Structures are given as C-alpha cells and as structure tokens.
Visitor: 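Can you keep this structure in mind? I'll have questions shortly.
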Amino acid sequence: MKKIFPILAVMLLISICSLAQSRLIKGTVKDSTAKVPVINAVIRIKGTDVMTASDKQGNWQLTIPKAATTIEIVATGYPRREMVIKENTTAVAITLVRRPAKRIMALEDSNRAMAKQKFAQMEYSVAAAAPMARYSSGWTNPGETEAYAPINENIFHAVKDQPLSTFSADVDRAGYSNVRRYLNGGDLPPADAVRVEEMINYFDYHYPQPKGKDPVAIVADMSVCPWNTGHQLVRIGIQGKVVDNKDVPPSNLVFLLDVSGSMEAPNKLPLVKKAFGALVKQLRPQDRVAIVVYAGAAGVVLPSTHGDKPEKIMAALEQLQAGGSTAGGAGISLAYKIARENFLPKGNNRVILGTDGDFNVGESSSGELQRLIEGEKDKGIFLSVLGFGMGNLKDVNLETLADKGNGNYAYIDNYEEARRIFVTEFGGTLYTIAKDVKLQVEFNPNFVQSYRLVGYENRMLQAEDFNNDKKDAGDMGAGHTVTALYEIVPAGGGKAQDVNWVDPLKYQEAKVLGNRTEVLTVKMRYKEPDSNTSSLVQRVLSYQSKPFESMDTDFRLAASVAAFGQLLRESAFQGEASYDKVLQWAANTRENDPEGYRAEYQQLVKKAQLLQK
C-alpha cells in the first residue's frame, strides 16, 4: 500500500504539469460569402492527431499547447488553410472561402486536346489487357445543373465516449461509375459526387460463401493503415449467397422509362433502350415485363408480357422517343399500379426506373414520392433506379428513391456498365436475398482509442436503430458483397493522439473490461425478403499486427480505392496518400480480373493524376 501513494503522487504531478502547459481554445468556422456555419470542418494541430470538428453551428474547441501553435483547417469544398494561434489567444473566428465551381474544370481548353490524346492511349492499354473494359470518354462538360446530396465527411470518434458505430449496408455503385464519367470526360468530379463507399463496393471481392441458414456472412481482418502508418485499417466484408440464375424466383418487372425532353441526348434515352434491351435478353418464360413511360403525362407502352416474347418487348422499347416535360411522380404511381395488378406472391416484384432524375411536373416533392415508394415497399414491390446522362443528373433524387424502395441505385455511363448490371450480375440486380441489412461495430478500448468509418456518411444510423426492426436499411442481392473500412487510432498512443470530440463526463466514468484479445465485435441484422423480423449474425476480430503488403489482393485494392476517393474529395484524413502511392497499393491486385475492372481502375487513377497537375 505504501508503494501506491508515491505512484499516485507522480501521476497527479504529471497531470498538473500537463494542464499547466496546455490551454483550451474555442472558435467558429463560417463561410466567408454566405456567412453560414461550416459543418464538420476538421481543426487539427498540424502534424498530429490532436483534432476536433465543428458542430452544426460551426462551433469547436480544442486543447493545444500553451506556446504558439499552428493549426490546419480542412473542410469539403474549401482549400486547406493553416493558422498560427498565438500564445495568449483563447478564441478564434475562422472564415473559409469556398473553392470556385470552375475548380472542377481542371484543364484549360488549350490543354484538353493533349490530355484527350493521353487518355486515348490509356484506354487502348486497358482494352488490350481486358477487351471487355472499353469505355467511351464522352468529352462533354457536365455543366452546372447536376445535384448531389452534401457529404459531411465522417470524423474520428473516441471509443470511451462512443464505442458503437452503426450504419446501413450499401451495395450501390453509382458513385464509382459517375466518377468514371467525369474523369473520362477530362474533368475532376465535385466532392459531393464522390461517395467513397460506393467506389469501394464497385468491385467484386472474393469472400467465403455463407454457411448454414443465413444468406449472408461476415469477414473481418486488419493491417497497418497505408496512408497513416501510425494507425491501423480494419476491413469488414459481407458476402451474400450466390444463387444460380435458373433458381431465381419468377420476376414481375415494370420498366419505368423517362422519355421527357431532357432524355433526348445520345447518352440518355438511346442508352436506356440498349441497357434495358440487355435485360430483356436475360428473361425467362416465367418472367413478365410491362413498360410504362412518362413525359408530360404517363402511359403504358406495353402491358405485362411474358419473357418468351422478347421481340414484342424489344419492339416496344425501340419505338420510344424523347419529348415533353417530366411527370415523374405520375409515372411512378402508374408503374406501381401495373406491378400490383400482376403481383407474384412468391416472386420478385420490382419497378426499374431509368431516368436522369429531373422531376419537374406533378407529384414531384421528395416527401410525396418517398411516402408512395415506402408504402409499396411494405407490400413487397421494390424499386431499383438507374441514372443516365450528364448535365442535369439529379443524383440526390435517384439515390433517395432507391434507398426508400428497398432497391439499388446504379449510374450507367455506357453500354458495358449496363451489361454488367443486367447480364453479368442478373440475379444480384433483380433478386434480393436480405433486406434492411444493418451493421453495428463495438470497439474494445484496450486496443482502440478512436476510429472513423471511411465513407457511408449518408448511411449512418443511431445506436438504438440497430435493434429496431421498423428502421429501414440497405438491401443485398444474390452474390453481392459489402465492404467497409475503419481507420483506427491504437490505444496507448499518448497525448499526441488524443481526440477532442466531446467534453469529459462529469457524473460517471466508463469502466473498461479486461478483454485483451478482441479488437472489436461486428454484429449484423438482416431480414428475409418476405419477413418483418430480423435475424442476428456476429463476428469477433482478434488483434492482428500485419504489414499492409502481406494482405490479400482484395484488402489492398479496397484500401487503394478508399485512398483514391479521399484524394478526389481532398479529405482531411488522406494522410500520406498520393496518386503514385494509390497506384502502388493497387499493384498486383489484378490476378482475378476477367472483366478488366481492376485494370481500368488504375487507368482512372492516372487520369485523375494528370488532371490534378
């Protein structure tokens, strides 16, 4: 007992000295023009992991050394800024100047011809390596009318304050193909168009198939984080059961096609016809298809027709022409009506929407459409959404509709992407094996001081949502995979790795259990497609210390894509990532690349690198 008191005295003295040498600084972050708060701006002591983030009012506070200290401020859509906080300063008002929209147009017109020539050389090398991966560059400027939901980047959370991370599964891939469209067109994408989780999940990963009764299984592993070697990177993978196409239940499909004037461009309605034509060729006699179109009004072009009459279905597609305004709400209502009339109790009932998302006539408010779609989802009719075109793509509308309709959202920038969705992955696109898939990760503070989920900003859930079966979440098709990456700050890193997200608790103190082997526990809830009650699957990850280079090709590719997305977003957490390193991390990951998607990815990285210069 006598030995304890000197130890406690030393610890108390260290704490007193530490407090005497530090100070609490408070501040605000606002947009210089709009004078509105900047949310989730990261304020960090330069060169350290001591950081905080601004709240919804733009307020923040951070403990820094008493001496003059340099901080850096990073926020999406704004140039990175540094500021020296003088010794006696206690409050700071920071204003950020938003990056001009023209920043997206990375090349001057005089340089575009040279870049186009280099891009053509890159595309030729991809086509030579994998003939299926041929993509048209387009070279049409996207314009200024596209709409994307704002993304406030996920930040680090201290495990002692927030040990649970909960989010909805996401198998949407629109973010990647849309980024590809920008890069192939010679432009950098706007930050909010870059959804990092959709870029990661664009690729097929080779996780083990589920065993037993559950149609989904969990994989978890970890290594050193390549863009910040003082941190670690955790991968969580979800694998959906592969179902042979001949075993997929019969489908009752309604093609809902936008034929308004905004769809007249070659990469819109003409590509819609080719894309849906690819699906028609995959139909079986037991499948049924109806075609509903909408422009100034909605109408039925083809009543529900069996799949053994492809000529009749193709003829109805080919006669479509663009013109008029966009009564999207009326079209959706009519499509659901046709789906209900031909409902298959044991089948796959689905509306597939093809549009640029420009709803401007009729029942077009987000609230009305969402309530309609959610009501039909509860009756067993799901909605998948395909986005087309450029210039006025309303990505924010399309993503929301798919999320509310228990379906997936894809962006089709060329025929090859349509072939992948409707031919290569026919069952996964049309057949849901698990709905309302949620994940919850609990971190062990013995190993993890703080963590951040890479991407999934629009999929975050409250901790209590996990066990609430009434809370909607993502859905998985047959054979689909979901991958999530966590960047974690190891425990025991010392003062240089403190995360100042919340004030210390005043009335209680968290107790840490003595588990010294498990880094985290992953729990997943899912429902069978025809059930309203969820099932639970879980997996424990034991501590591992592996160099990044020793990880499998899927792990290294996912990490490379995550870093690429963070570079495109100019993330506050990109660390030491660079385009050269992204390419290095993706090297030798093409051993199983029959369609050429991984080869094409590396060429996209090179294009982005060229555009940044």
Side-chain angles (χ1 to χ4, degrees), residues 18-19 21-99 149-167 191-192 449-458 460-463 487 489 495-508 510 566 569-574:
S18 176
L19 289 172
Q21 296 171 3
S22 63
R23 54 181 166 144
L24 181 68
I25 183 171
K26 299 182 179 181
T28 59
V29 185
K30 292 188 176 181
D31 183 284
S32 63
T33 303
K35 308 299 182 184
V36 295
V38 177
I39 303 171
N40 266 23
V42 172
I43 300 92
R44 168 171 47 202
I45 298 178
K46 185 178 180 180
T48 75
D49 281 331
V50 181
M51 65 184 82
T52 187
S54 56
D55 61 19
K56 293 181 179 180
Q57 286 74 45
N59 299 322
W60 58 272
Q61 61 182 37
L62 181 67
T63 300
I64 66 173
K66 195 170 183 179
T69 303
T70 300
I71 63 171
E72 56 182 359
I73 305 96
V74 188
T76 300
Y78 299 87
R80 188 180 296 251
R81 181 180 175 187
E82 292 186 6
M83 176 181 292
V84 177
I85 307 299
K86 296 180 180 179
E87 185 173 350
N88 297 323
T89 302
T90 58
V92 178
I94 300 171
T95 56
L96 300 180
V97 179
R98 182 170 288 278
R99 182 179 294 109
I151 296 176
N152 295 315
E153 189 172 31
N154 285 334
I155 57 179
F156 279 97
H157 295 286
V159 174
K160 64 181 180 180
D161 302 316
Q162 192 170 323
L164 297 176
S165 174
T166 310
F167 64 99
D192 288 334
Q449 184 191 83
S450 57
Y451 64 88
R452 65 176 293 264
L453 177 59
V454 181
Y456 289 92
E457 286 84 1
N458 294 340
M460 301 305 296
L461 299 173
Q462 299 298 317
E487 181 180 353
V489 178
K495 193 67 179 177
Q497 293 183 327
D498 283 350
V499 179
N500 295 264
W501 301 133
V502 297
D503 294 333
L505 298 178
K506 183 177 180 181
Y507 299 111
Q508 58 182 308
Q566 291 177 108
R569 286 187 53 78
E570 298 187 336
S571 165
F573 304 105
Q574 62 187 261

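Side-chain atoms are counted along with the backbone in the values below, which use heavy atoms only and exclude waters and symmetry mates. Values in this document were obtained by computation on a predicted structure and should not be read as measured data.
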Visitor: Taking the side chain as every heavy atom from C-beta outward, state whether Ile151 and Arg569 have any pair of such atoms under 4.5 Å apart.
Guide: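 Ile151 reaches Arg569 side chain to side chain.
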Visitor: Looking at CG of Asp31 and CG of Leu96, how far apart are the two atoms once the value is rounded to the nearest 0.5 Å?
Guide: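 CG of Leu96 is found 7.5 Å from CG of Asp31.
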Visitor: Evaluate Glu72 against Lys46 for salt bridge (charged side-chain N to carboxylate O under 4.0 Å, His left out), listing each step before the verdict.
Guide: CA-CA 6 Å; Glu72 56 182 359; Lys46 185 178 180 180; over 6 Å; no
Visitor: Flag the pair Glu570 and Arg80 as a salt bridge only when some basic side-chain nitrogen lies within less than 4.0 angstrom of an acidic carboxylate oxygen.
Guide: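 No.
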Visitor: Please report the shortest heavy-atom distance between Asp192 and Ala149, naming the atom on each side.
Guide: CB-O, 3.6 Å
Visitor: State the CD1-CE distance between Ile71 and Met83, to the nearest 0.5 angstrom.
Guide: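 Rounded to the nearest 0.5 Å, the CD1-CE separation comes to 6.0 Å.
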Visitor: Using 0.5 Å steps for rounding, measure from the CE atom of Met51 to the CZ atom of Arg44.
Guide: 4.5 Å
Visitor: Decide, yes or no, whether a salt bridge links Arg452 with Glu487 under the criterion of side-chain N to carboxylate O below 4.0 Å.
Guide: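 So Arg452 pairs with Glu487 through a salt bridge.
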Visitor: Which pair of non-hydrogen atoms, one from Ile94 and one from Trp60, has the smallest distance, and what is that distance?
Guide: CD1-CZ2, 3.8 Å
Visitor: Report yes or no: does Asn154 contribute a side-chain atom to a donor-acceptor pair with the main-chain N or O of Gly455 at less than 3.5 Å?
Guide: yes
Visitor: How many angstroms lie between OH in Tyr456 and CG in Leu461, if you round to the nearest 0.5 Å?
Guide: 12.0 Å
Visitor: Do you know the tightest heavy-atom contact between Val159 and Tyr451?
Guide: CG2-CD2, 3.8 Å
Visitor: Considering non-hydrogen atoms only, spot the tightest contact between Arg23 and Lys86 and give its length.
Guide: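 Nearest pair, atom of Arg23 first, then Lys86: NH1-O, 2.8 Å.
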Visitor: Give a yes or no answer on whether the side chain of Glu87 reaches the backbone of Ala68 with a donor-acceptor pair at less than 3.5 Å.
Guide: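 No, the answer is negative, given that no donor and acceptor are paired below the 3.5 Å cut-off.
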Visitor: What heavy-atom pair brings Ala41 and Ala75 nearest, and what distance separates the two atoms?
Guide: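 Scanning both residues, the minimum pair turns out to be CB-CB, 3.9 Å.
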Visitor: Take Val42 and Phe573, measure what side-chain contact (heavy atoms from CB on, under 4.5 Å) needs, and give me the verdict at the end.
Guide: CA-CA 9 Å; Val42 172; Phe573 304 105; 3.6 Å; yes
Visitor: What pair of heavy atoms forms the shortest contact from Ser54 to Val38, and how long is it?
Guide: OG-O, 2.6 Å
Visitor: Find the distance between CD1 (Ile43) and CD1 (Ile64) and round it off to the nearest 0.5 Å.
Guide: 12.0 Å
Visitor: Kindly indicate whether the side chain of Thr90, heavy atoms from C-beta on, has any atom under 4.5 Å from the side chain of Ile25.
Guide: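 In short, these two side chains do not touch, never coming nearer than 4.5 Å.
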Visitor: Could you tell me the separation between the NZ atom of Lys30 and the CG atom of Asn59, rounded to the nearest 0.5 Å?
Guide: 8.5 Å
Visitor: Heavy-atom distance under 4.5 Å between the side chains of Glu153 and Val74, does that happen here?
Guide: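 Not in contact.
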Visitor: Among Val29, Asn152, Asp55, exactly one meets side-chain contact (heavy atoms from CB on, under 4.5 Å) together with Ile39. Which residue is that?
Guide: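 Checked Val29, Asn152, Asp55 against Ile39; only one passes side-chain contact (heavy atoms from CB on, under 4.5 Å): Asn152.
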Visitor: Does any non-hydrogen side-chain atom of Val50 lie less than 4.5 Å from one of Thr63?
Guide: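 With C-beta onward as the side chain, the pair stays apart.
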